[in-house]
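Have a look at the structure below before the remarks.
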2 protein chains.
Amino acid sequence: MKKKRPKFLLNEAFRKHGDRTFLPHLSVDCVIFGFHEGHLKVLLLKWKDGPWCLPGGFIKHKESIDDAATRILKERTGLDAIFLKQFHAFGDPLREKGKRHQEGWISKRFVTIAYYALVDYSKVFPQPDSFSSECTWCDVHAVPNLIYDHKQIMKVALEALQLSLNDHPVGYNLMPLKFTMPELQRLYETILGQSLDRRNFQKRMLALDILVKLNERKTGGAHKAPFLYRFDKKKYDRAVKRGLGAGF
Amino acid sequence: MKKKRPKFLLNEAFRKHGDRTFLPHLSVDCVIFGFHEGHLKVLLLKWKDGPWCLPGGFIKHKESIDDAATRILKERTGLDAIFLKQFHAFGDPLREKGKRHQEGWISKRFVTIAYYALVDYSKVFPQPDSFSSECTWCDVHAVPNLIYDHKQIMKVALEALQLSLNDHPVGYNLMPLKFTMPELQRLYETILGQSLDRRNFQKRMLALDILVKLNERKTGGAHKAPFLYRFDKKKYDRAVKRGLGAGF
DNA sequence: TTTCATTGTGTATATGGTACACAATAGTAT
DNA sequence: ATACTATTGTGTACCATATACACAATGAAA
């Protein structure tokens, strides 16, 4: 189950000579979004005896930055083939204010290329990396102080995600296979930070023609049992590609 | 008028030891859009005895990437305080296929952070850099082969610009102070690559409430003299900030 | 003076978004 | 068992916006 990590990640040589493996001055950070019990979550790491931060890593000398992000995401979550989108590069020379004094390449200034990911919460088993003692989900609206500019990165990621709702359907990567309309609505509401009209939301989603209504209802709740839906993957993918075509 | 460039840019030492000044493995490329005689243009450089490319440069050790982009833009166009937006980082390890064999830091792999800029064509006086023999405008739809992945970068820039039309007004940075409605429409049409209905376009633009209709007409054309408009800068800026609020 | 391409303008229609109310139901409390 | 309560399912009237479309006026050129 658990793969042994390469030694250099664990010892002093990494801090001093990581640039034999990785590009200097460049890092990748991931804002990994999940959705659970009606709340939007992000995956955070806690450094040993240190602050919280976003999961991140470095780019190997012969690796593309997209591949680096995919690799980092897989290491933390065990998932591959999930939705991953580069949204901004952060390159203020003072962004790592308060960086601990260290030696070698790692002590230098880093420009970070940030991605956000949308994953199915229930399929993720958070794995701390070798610098970290914890890796856990945290409610988007109750994030502790993060190291450096990571809170800013999170904020920009959320704004990018919000904007993307107008161009692309969202949900396939965040919801379980079957879900109810209220659950999907809750997802949109937490991403947007505002409540939406129940009936209009449903009309709008159905108009996208990417949902299939099932003949099952979700029982167990304390109230009237809502119908279950699933995404029509083919139509969903087509909608992602061509966009939702608002505006010009 | 012409400032003397630092020597290291011109001699061999730059190729070998530029990393004393600049971050290794990182570059910035700019897709500079202008608009002239009804055509959307990009500013291109031609290497001495070499191919065409986008204006680009490197990031100084204590400089933010935004500042680097601003500096590069100013060097090529003489303009500052113009619209500049980071839109993507390109980091495929093979993106610089066909790179000439050289020594030192410059021979290494580069990840490039790309910006697009919107500038007033008439205010720009293109300046080649020290590697280049020419710096000229080129019609977006008649771009020659470009080095590396620069054509791809341009394509992504144009797509980003197209998308941004739905969220933000465009034109203040691309049009002269006074302009006619058909001219503005032509700008939108060339960015989008499609023609728009004259009357609906006008209604839509006026509905944005960012234009001021002047009591002048543009004479000299071979036909009925169209009215001139200008942007209401305050309202324009407000619209840029809050977005055009389509969708959610 | 005629011609012609272009500009200025308004209306009817379709589409999509918003606001809103009442009956049905699945568990919970008694 | 019964009543209760929060929630779901559904449809319509209204408003805003987008689209399609036609004709008179104008300024230069022939």
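Chain letters run A, B, ... following the sequence lines, proteins first and then strands; every chain starts at 1.
- Between A:M181 atom CE and D:dG9 atom C1' the separation is 11 Å, expressed in whole Å.
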Please step through ring pair (Phe, Tyr, Trp, His ring centres under 6.0 Å) for the pair B:F248 and A:Y188, ending with a clear verdict. CA-CA 10 Å; B:F248 289 105; A:Y188 273 76; 5.5 Å; yes
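- In this entry the distance linking OH of B:Y188 with P of D:dA18 reads 13 Å, nearest Å.
- Distance B:F201 CZ to D:dC21 C1': 19 Å, rounded to the nearest Å.
- Here D:dT8 presents its C1' atom at 16 Å from CZ of A:R186, a figure rounded to the nearest Å.
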Quick one: side chains of residues 27-37 of chain A, donor-acceptor pairs under 3.5 Å with protein atoms, not counting sequence neighbours, listed by atom name and distance.
from, atom 1, to, atom 2, distance (Å)
A:S27, OG, A:T112, OG1, 2.8
A:D29, OD2, A:T112, OG1, 2.7

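- Between B:Y116 and B:F83, the ring planes are tilted. Angles from 30° to 60° get that label.
- The residue A:K218 sits apart from the nucleic acid: no heavy atom pair falls under 4.0 Å.
- Other residues, nucleotides and ligands contribute over 12 non-hydrogen atoms within 6.0 Å of the NZ atom of A:K46.
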Write down the protein N/O and nucleotide N/O pairs, taken from nucleotides 1-7 of chain C, whose separation is under 3.5 Å; answer none if there are no such pairs.
from, atom 1, to, atom 2, distance (Å)
C:dA5, N3, B:H223, ND1, 3.2
C:dT7, O2, B:K224, NZ, 3.2

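- Classification of A:D67 and A:R71 as a salt-bridged pair fails, no side-chain N sitting under 4.0 Å from a carboxylate O.
- Between B:Q185 atom CD and C:dG8 atom C1' the separation is 13 Å, expressed in whole Å.
- Rounded to whole Å, atom P of D:dG9 lies 11 Å from atom CD of A:E183.
- Below 30°, between 30° and 60°, or above 60°: for A:F179 and A:F231 the angle between ring planes is between 30° and 60°, a tilted geometry.
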Determine, stepwise, if the pair B:L118 / B:L161 fulfils side-chain contact (heavy atoms from CB on, under 4.5 Å). CA-CA 10 Å; B:L118 307 179; B:L161 177 57; 4.1 Å; yes
Using the 3.5 Å cut-off, write out each protein N or O paired with an N or O of nucleotides 16-20 of chain C and the distance between them.
from, atom 1, to, atom 2, distance (Å)
C:dT18, O4, A:K203, NZ, 3.2
C:dA19, N7, A:N200, ND2, 3.1
C:dA19, N6, A:N200, OD1, 3.3
C:dA19, N6, A:K203, NZ, 3.3
C:dC20, N4, A:R199, NE, 3.3

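- Checking side-chain atoms of B:D197 against main-chain N and O of B:N200 turns up a donor-acceptor pair under 3.5 Å.
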